[in-house]
Amino acid sequence: MITQRESAILRLPSHWNRPNMAHANASAADKGHRLALSEIVDALMADGLVPPDEAAKFKQERRYFKGDIHPLVVIAEQRWKSLQPPHRVLDLETLTTWLAGWAGLDYFHIDPLKINFTAVTDVMSNAYATRFRILPVEVKPHEVVVATAEPFDRGWEAELKPILRKEIRRVIANPVDIARYQVEFYNLAKSVKGALGRGDVGGTGVSNFEQLVELGKGKSSLDANDQHVVMIVDWLWQYAFEQRASDIHIEPRRDLGIVRFRIDGVLHQVYQIPMAVLNAMTSRIKILGRMDVVEKRRPQDGRIKTRTPDGQEVELRLSTLPTAFGEKLVMRIFDPEVLVRDFTDLGFGDDDRARWLQMTGQPNGIILVTGPTGSGKTTTLYTTLKQLATPEVNVCTLEDPIEMIEPSFNQVQIHADIGMGFAEGIRSLMRQDPDIIMVGEIRDLETADMAIQAALTGHLVLSTLHTNDAPSAITRLLDLGVPSYLLQSTLLGVMAQRLVRTLCPKCKKAGGLREEDEEAWNLLVSPWKTNKPATLYHPVGCLDCRMTGYQGRLGLYEILMMTPDIKRLVTDTTDLAKLKETALREGMRPLRIAGAKKVGAGLTTIEEILKVAPPA
């Protein structure tokens with residue numbers, strides 16, 4: 001029988017019926033043993049992975065080793081190189097993978113973004129998991145997956161199986177990860193339950209917009225400053241930073257809240273949180289962002305400056321939006337490393353960089369960067385301005401909102417509600433003796449006219465526009481009402497850009513062109529002709545890229561320079577097709593061809609280019 005103390009440790013929910021536990025008894029031999037350091041070293045030598053001389057010396061030095069540190073951790077500290085090709089360092093993850101194969105179990109990498117911490121922490125108590133150094137990682141209808149780093153310590157399995165009434169599948173995981181996530185998963189689950197215990201959880205779902213309006217008249221049932229809510233928000237940020245997320249989405253639904261991260265341009269659902277807790281989290285973040293906590297009927301913007309776990313400062317831009325079930329909150333995370341990158345890091349080729357520097361090196365005129373939201377336009381402009389902002393130059397920006405603070409710029413926040421729009425901002429900046437002006441976006445004729453006036457009076461103006469490709473920016477300005485003769489005299493060039501995911505350099509796999517690859521390649525480059533690469537690289541997936549096969553993003557660029565032939569085509573009745581044809585003849589490389597070059601260099605895949613680059 002399980003002892004009274006063990007029953008208390010399990011802390012099973014009250015609705016479970018406990019069966020007769022007599023058959024759960026096991027002898028000491030059945031329960032197995034924990035791994036010994038000498039046992040692991042002997043097995044590594046038997047598999048021909050470690051140098052016998054070094055291993056024997058190590059065993060002699062550590063013959064009295066005992067303690068709570070897992071043997072794999074001790075061996076990983078030696079940084080031995082495997083004797084088997086490709087002779088990689090035997091780090092902890094490599095040793096854990098080897099242990100799984102040696103013990104005949106599956107290897108499991110604990111990814112907190114893919115684990116339902118609420119479900120797994122209900123399987124057993126924190127004390128029980130800590131006692132046996134195990135961690136539930138997945139709960140299925142008929143099976144519970146439990147991670148362990150002790151493949152031969154099985155006493156807990158016989159105890160849990162009849163209680164859970166499910167099959168138990170053991171997997172091998174990194175012992176450091178198990179110890180870490182034991183603490184974090186159970187602390188997070190405790191915080192969620194603790195927060196719910198302080199609030200009125202009945203009727204927390206908002207069923208329609210009329211109820212949403214009523215929310216603005218009262219406070220949340222949970223205290224936004226409650227220690228449990230504070231812990232949940234801090235934990236959320238920590239994992240967003242660790243997972244290289246660019247945005248955090250907190251989205252209310254009818255019965256629960258959804259948390260999603262955007263990583264390398266792709267949204268991943270991360271957590272499901274009770275609505276009462278989600279509302280308290282939103283209030284907590286709004287307080288930190290100096291936003292109106294009570295006002296839930298209109299959109300708001302805010303900013304927060306915080307630090308990553310390694311002490312690096314990070315800025316978050318906040319945006320709330322009233323939806324049918326409550327306030328949706330999006331936090332955009334700005335990477336401070338953006339301001340120290342060069343054009344090569346952004347994805348500029350030699351030709352792209354030369355053409356872009358030729359345009360931005362002019363003393364006056366207008367340069368436009370185009371593309372949809374999230375295509376990296378602001379990053380390109382910040383990188384450019386950072387290089388142009390020498391002590392002899394006065395650089396001023398007009399932004400809505402200011403996304404990243406840079407001491408070498410004079411940055412101005414747009415406030416349209418008090419009559420401080422882009423056009424008014426340019427008019428005011430003209431009296432501030434600027435050399436270079438960056439306008440966040442040209443949205444209307446008034447802003448376009450003021451930008452042109454600034455260019456005509458000897459200033460270099462950089463701005464953004466929302467068009468699909470570079471030539472379309474010219475017709476867009478003409479549609480706004482900008483006279484064609486002013487465009488001919490002020491516009492220096494247009495650059496369209498996109499961001500594409502790059503293959504993980506550690507796991508990408510090379511291969512020859514298959515039949516389907518040739519079809520995809522022809523679709524990519526059509527109607528142009530270009531040589532097919534002899535080798536294509538494909539995504540595989542590893543721990544570094546979170547098994548996606550992709551890590552990071554780089555830019556694709558289409559640069560149109562205003563040559564005399566193109567200027568002659570800019571009239572009140574400009575033919576866009578003829579404009580594109582002439583631009584191509586003058587050296588403009590389309591986005592898809594730029595992408596094809598990245599594919600040929602083994603940086604990305606055809607599928608990724610087709611997702612982001614518009615067809616001809």
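None of the values given here were measured: they were computed from a predicted structure.
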- Query: Can you find a side-chain donor-acceptor pair between Gln84 and Ser82 that sits under 3.5 Å?
  - Reply: no
- Message: Do Thr502 and Arg553 have side chains that approach each other closer than 4.5 Å (heavy atoms only, starting at C-beta)?
- Response: no
- Task: Answer yes or no on whether Arg501 is positioned over the face of Tyr550, meaning its NZ or CZ is under 6.0 Å from the six-membered ring centre and within 45° of the axis.
- Result: yes
- Task: Taking Arg253 for its side chain and Leu256 for its backbone only, find out whether a donor-acceptor pair lies under 3.5 Å.
- Result: no
- Message: Let me confirm one number: the CG-CZ distance from Leu236 to Arg284, rounded to the nearest 0.5 Å.
- Response: 12.5 Å
- Item | Donor-acceptor pair, side chain of Thr464 and main chain of Gly440, under 3.5 angstrom | yes
- Message: What I want to check is whether the side chains of Gln551 and Asp544 have a donor and an acceptor closer together than 3.5 Å.
- Response: no
- Task: Answer whether the closest heavy-atom distance between the side chains of Pro112 and Phe185 falls below 4.5 Å.
- Result: yes
- Query: So Leu318 and Asp301, side-chain contact (heavy atoms from CB on, under 4.5 Å) or not? Walk me through it.
  - Reply: CA-CA 5 Å; Leu318 315 180; Asp301 294 309; over 6 Å; no
- Message: Test your reading of the model: is there a side-chain donor-acceptor pair from Ser526 to the backbone of Leu523, 3.5 Å cut-off?
- Response: no
- Query: Would Thr563 and Glu586 count as having a side-chain donor-acceptor pair, cut-off 3.5 Å?
  - Reply: yes
- Task: Measure across Glu558 and Pro471 and return the closest heavy-atom pair with its distance rounded to 0.1 Å.
- Result: OE2-CD, 3.6 Å
- Query: Is there side-chain contact between Phe343 and Asp345, with heavy atoms separated by less than 4.5 Å?
  - Reply: no
- Task: Would you indicate whether Lys114, at its atom NZ, is surrounded by more than 12 heavy atoms from other residues, nucleotides or ligands within a distance under 6.0 Å?
- Result: yes
- Is a donor on one side and an acceptor on the other found under 3.5 Å between the side chain of Thr282 and the backbone of Leu278? yes
- Item | Sidechain-backbone polar pair: Thr308 side chain, Gln312 backbone, donor-acceptor under 3.5 Å | yes
- Item | Whether Thr306 side chain and Val314 backbone form a donor-acceptor pair below 3.5 Å | no
- side-chain hydrogen bond (donor to acceptor under 3.5 Å, both in side chains) evaluation trace for His249 with Lys328: CA-CA 8 Å; His249 292 241; Lys328 181 181 186 296; 3.1 Å; yes
- Any salt bridge between Arg353 and Asp342, counting N to O under 4.0 Å? no
- Message: Between Glu441 and Lys377, does any NZ, NE, NH1 or NH2 come within less than 4.0 Å of an OD or OE carboxylate oxygen?
- Response: no
- For the residue pair Pro372 and Ser375, what are the closest heavy atoms and their distance? O-OG, 2.7 Å
- Task: Would you check if Val369 and Leu462 make a side-chain contact, meaning some heavy-atom pair closer than 4.5 Å?
- Result: no
- Message: Please find the pair of heavy atoms, one from Pro539 and one from Thr605, that lie closest to each other, and give the distance.
- Response: CD-CG2, 3.8 Å
- Heavy-atom donor-acceptor pair, Gln243 side chain to Ala245 backbone, under 3.5 Å: no
- Query: Is Thr360 close to Ile367 at the side-chain level, that is, under 4.5 Å between some pair of heavy atoms?
  - Reply: yes
- Message: Please report the interatomic distance CG(Leu381) to CE(Met495), rounded to the nearest 0.5 Å.
- Response: 7.5 Å
- Whether over 12 other heavy atoms sit under 6.0 Å from Phe261 CZ: yes
- side-chain hydrogen bond (donor to acceptor under 3.5 Å, both in side chains) assessment of Gln411 paired with Glu399: CA-CA 7 Å; Gln411 296 172 282; Glu399 303 175 61; 3.1 Å; yes
- Query: Quick one: CZ on Phe409 to NZ on Lys386, what's the gap to the nearest 0.5 Å?
  - Reply: 6.5 Å
- Does some side-chain heavy atom of Asp106 sit less than 4.5 Å from a side-chain heavy atom of Ile172? no
- Message: For Arg260 and Asp247: C-alpha separation, side-chain torsions, deciding distance, then whether salt bridge (Lys or Arg N to Asp or Glu O under 4.0 Å) applies.
- Response: CA-CA 8 Å; Arg260 297 196 288 175; Asp247 300 86; over 6 Å; no
- Message: Take a 6.0 Å sphere around CG of Asp479 and say whether it holds more than 12 heavy atoms from other residues, nucleotides or ligands.
- Response: yes
- Measure from the ring center of Tyr271 to the ring center of Trp235 and say whether it is less than 6.0 Å. yes
- Please test Arg514 against Asp517 for salt bridge (Lys or Arg N to Asp or Glu O under 4.0 Å), starting from the C-alpha separation and ending with a verdict. CA-CA 5 Å; Arg514 300 165 298 187; Asp517 293 330; 2.9 Å; yes
- Message: Does any part of the side chain of Lys578, heavy atoms only, come nearer than 4.5 Å to the side chain of Leu569, both counted from C-beta?
- Response: yes
- Task: Go through the side-chain N and O atoms of Tyr382 and Gln387 and say whether any donor and acceptor fall under 3.5 Å apart.
- Result: no
- Query: Does the Lys286 side chain pair with the main chain of Leu329, one donor and one acceptor, at a distance under 3.5 Å?
  - Reply: no
- Arg244 and Asp264: CA distance, side-chain angles, deciding distance, salt bridge (Lys or Arg N to Asp or Glu O under 4.0 Å) verdict: CA-CA 8 Å; Arg244 302 180 294 105; Asp264 292 337; 3.1 Å; yes
- Task: Kindly give the heavy-atom pair with the smallest separation between Val494 and Ala473, and that separation in Å.
- Result: CG1-CB, 3.6 Å
- How close do Ala149 and Pro175 get, heavy atom to heavy atom, and via which atoms? CB-CB, 3.7 Å
- Quick one: OG1 on Thr582 to NZ on Lys567, what's the gap to the nearest 0.5 Å? 15.0 Å
- Task: Return yes if a side-chain donor-acceptor contact under 3.5 Å exists between Gln497 and Thr380, otherwise no.
- Result: yes
- Is any side-chain N of the basic residue among Arg317 and Glu315 closer than 4.0 Å to the acidic one's carboxylate O? no
- Verdict with supporting geometry, Gln272 and Asn116, side-chain hydrogen bond (donor to acceptor under 3.5 Å, both in side chains): CA-CA 8 Å; Gln272 294 183 353; Asn116 184 343; 5.4 Å; no
- Query: Going from CZ on Phe422 to CD1 on Ile414, what distance comes out if it is rounded to the nearest 0.5 angstrom?
  - Reply: 5.0 Å
- For Arg355, does the CZ atom have more than 12 heavy-atom neighbours from other residues, nucleotides or ligands under 6.0 Å away? yes
- Can you tell me if Thr384 and Trp356 form a side-chain donor-acceptor pair at under 3.5 Å? yes
- Hey, what do you get for CG (Leu477) to CD1 (Ile442), rounding to the nearest 0.5 Å? 6.0 Å
- Side chains of Pro252 and Thr323: closer than 4.5 Å at any heavy-atom pair? yes
- Query: Does the Thr467 side chain pair with the main chain of Ser472, one donor and one acceptor, at a distance under 3.5 Å?
  - Reply: no
- Item | Short N-O contact, Glu242 and Arg180, less than 4.0 angstrom | yes
- Query: Of all heavy-atom pairs between Leu560 and Met359, which one has the smallest distance, and what is that distance?
  - Reply: O-SD, 4.2 Å
- Message: Apply salt bridge (Lys or Arg N to Asp or Glu O under 4.0 Å) to residues Arg443 and Asp400 and explain how you reach the verdict.
- Response: CA-CA 12 Å; Arg443 301 173 179 171; Asp400 184 23; 3.6 Å; yes
- Task: Output yes when a side-chain donor or acceptor of Gln488 lies under 3.5 Å from a complementary backbone atom of Val570, and no otherwise.
- Result: yes
